[in-house]
Amino acid sequence: MSRVLVIGSGGREHAIAHALLKGERVSEVFCAPGNPGMKADGIVPVNLSLSNHSALIDFARDKQIDWVFVGPENPLIEGMVDDFEAAGFPAFGPTRQAAQIEGSKTFAKELMQRFNIPTAAYATFDTYDAALAYVQEQGAPIVIKADGLAAGKGVTVAMDEATAQNALADIFVDRRFGSAGSRVVIEEFLEGEEFSLMCFVRGEEFWPMPISQDHKRAYDNDEGPNTGGMGAYSPVPQISQTVITEALNTIIKPITAGMVAENNPFTGILYAGLIATVDGPKVIEFNARFGDPETEVILPKLTSDLGAGIEAILHGDEPEFTWDNERTTLAVVVASEGYPDNTHTGAVIHDFDCTATEAEHGTHVYYAGVADSEDDGQLRASSGRVLLVQTTADTVVDAQKIIYDILGSTDTTGMFYRHDIGFKALQ
Ligand code: AMP
Ligand code: GLY
């Protein structure tokens, strides 16, 4: 039996820790910093900062942790896997260098170019004037991305030229994204259905998960600003197996082999954000980690032992991953009012009563931005995405009914959620 330290604090880390504890292999999960909502599932939050690698390593030593799972992108990009490995702890996730596939859009684009991986045509600019001239030459629709990490908010899909110009002004003149804004990637607009394909990866070997679809816009009907993701479901019936197979062959296989060939092998979870265009699947972005909220609909489909699978990968053995490919999983995020642009935290979290469908449908609440308030000990919203309710049912409609019944009968004052998660599967 193993003791595992999960790094991160969101719904994704809650789902990872919960799945680890469901298996036989892992007996104890600590989550740093975690959140108090996780405690109900037997996960132990550890009040240590993500940026203090040496304190985390000391904790791992102290608690005799067997291995570490690094959830979010920032610690990966800052070399947390390298640091744990140097201290003698197996850590599941890419090295600092391999995590550049998410950390730098330019790095990812150049890698894709070298290995002929289908993606939107692009150009990179360091100045406002050059970027503006390019936008005027190309016209709209066009996509503007701040290079580096901007928490999913550095992207503007401009359907007209004025929007594109405003986005450039935000980045270069107003410096809205800080240092992430010193450089911009301008991309061809890709038209088609979007989906997320995640794989367990060890160098050239990979084990794909079922696909899922996120809902990036804040409000119903895909309106409002881009967010970290407001809900997800899996499978995505409008994406055929042929498209998935093509994506594995033309994207996942060459990118993993390419990174090995360049002496920068990737181990961990590789997330491909894809668009099924008329010319086949193309890459919008790679992430070096599990997606959030995708993880919360994918891991509940896993019918094998997550901890055993990851340990096999870490030990160089053949892992086993099996999935429930029959039923639909669906999850709806509950966010603080005003998220993402003007988030008002502090809403009181009332209990979501999942008991009616827990046994048959595995209905579960995964907590993200929640904290115990100091004055009354009450669980309160502490950031944009607060929690997520997930279930498993025969159809998208059945799953929606279960979740929206629970959400509708709970007091969510001070928070909001989308009412249409899964709608594209029903069109
Ligand atoms: P990203 O942060 O790169 O995932 O972009 C956020 C969202 O913008 C994506 O989920 C897509 O919906 C959209 N997007 C990004 N790049 C493109 C593109 N080249 N063409 C069309 N839509 C895009
Ligand atoms: N849901 C998108 C992401 O995790 O980046």
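Order of appearance sets the numbers: ligands from 1, and atoms from 1 within every ligand. Just so it is clear, the model here is predicted, and its values are computed rather than measured.
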Note: V155, heavy atoms under 4.0 Å from ligand 1, region reported as side chain
Of I186, N226, L190, D222, the residue with the heavy atom nearest atom 7 (C) of ligand 1 is N226
Note: H215, heavy atoms under 4.0 Å from ligand 1, region reported as neither
### Query
What about F125 and Y134, are their ring centers closer than 6.0 Å?
yes
So the atoms of ligand 2 within less than 4.0 Å of a heavy atom of D214 turn out to be 1 (N), 2 (C)
Ligand 1 atoms nearer than 4.0 angstrom to some heavy atom of K145 are 3 (O), 15 (C), 16 (N)
Quick note on ligand 1: atoms under 4.0 Å from a heavy atom of K105 include exactly 3 (O)
The option among E285, R217, E194 carrying the non-hydrogen atom nearest to atom 12 (O) of ligand 1 is E194
_With respect to V143, determine whether any N or O atom, backbone or side chain, lies less than 3.5 Å from an N or O atom of ligand 1._
no
Worksheet item: Under 6.0 Å from the CG atom of N221, do we count more than 12 heavy atoms belonging to anything else shown?
Response: yes
Note: L379 and P36 closest approach over all heavy atoms is CD1-CG, 3.7 Å
For G228, the atoms of ligand 2 under 4.0 Å from one of its heavy atoms are 1 (N), 2 (C)
Numbered in order shown, the ligand 1 atoms found under 4.0 Å of a heavy atom of F189 are 20 (N), 21 (C)
Short version for E188: what comes under 4.0 Å of ligand 1, heavy atoms counted, is backbone
Next on the checklist: Using a 3.5 Å cut-off on N or O atoms only, is R289 in polar contact with ligand 2?
Outcome noted: yes
Under 4.0 Å from one or more heavy atoms of I284, ligand 1 contributes atoms 14 (N), 15 (C), 16 (N), 17 (C)
Tell me, please: is Y271 in heavy-atom contact with ligand 2, that is, under 4.0 Å?
yes
Worksheet entry | Carboxylate-amine/guanidinium contact E187 K145, below 4.0 Å | yes
Got more than 12 heavy atoms from elsewhere within 6.0 Å of NZ, K22? yes
Original post:
Can you tell me if G291 has a non-hydrogen atom under 4.0 Å from ligand 2?
Top reply: yes
Ignoring angles and geometry beyond distance, decide whether N287 reaches within less than 3.5 Å of ligand 2 through its nitrogen or oxygen atoms. yes
- Taking the six-membered ring where the residue is Trp, are the ring centres of H215 and Y233 under 6.0 Å apart? yes
Just wondering, more than 12 heavy atoms not from N342 lying within 6.0 Å of its CG?
yes
| query | Does the ring centre of Y339 sit less than 6.0 Å away from the ring centre of F416? | reply | no
**Message:** Between F200 and F321 (judged by ring centroids, cut-off 6.0 Å), do the two rings come close enough to count as a pair?
**Reply:** yes
*Hey, does E191 sit under 4.0 Å from ligand 1 if you only count heavy atoms?*
no
Does ligand 2 have an atom under 4.0 Å from some heavy atom of G273? no
| request: Determine, step by step, whether D398 and K401 satisfy the salt bridge (charged side-chain N to carboxylate O under 4.0 Å, His left out) criterion, reporting the C-alpha distance in whole Å, the side-chain angles of both residues, the deciding distance to 0.1 Å, and the verdict. | output: CA-CA 5 Å; D398 292 347; K401 176 153 178 27; over 6 Å; no
message = Treating T119 as the side-chain partner and V283 as the backbone partner, does any N or O pair qualify as donor plus acceptor under 3.5 Å?
response = yes
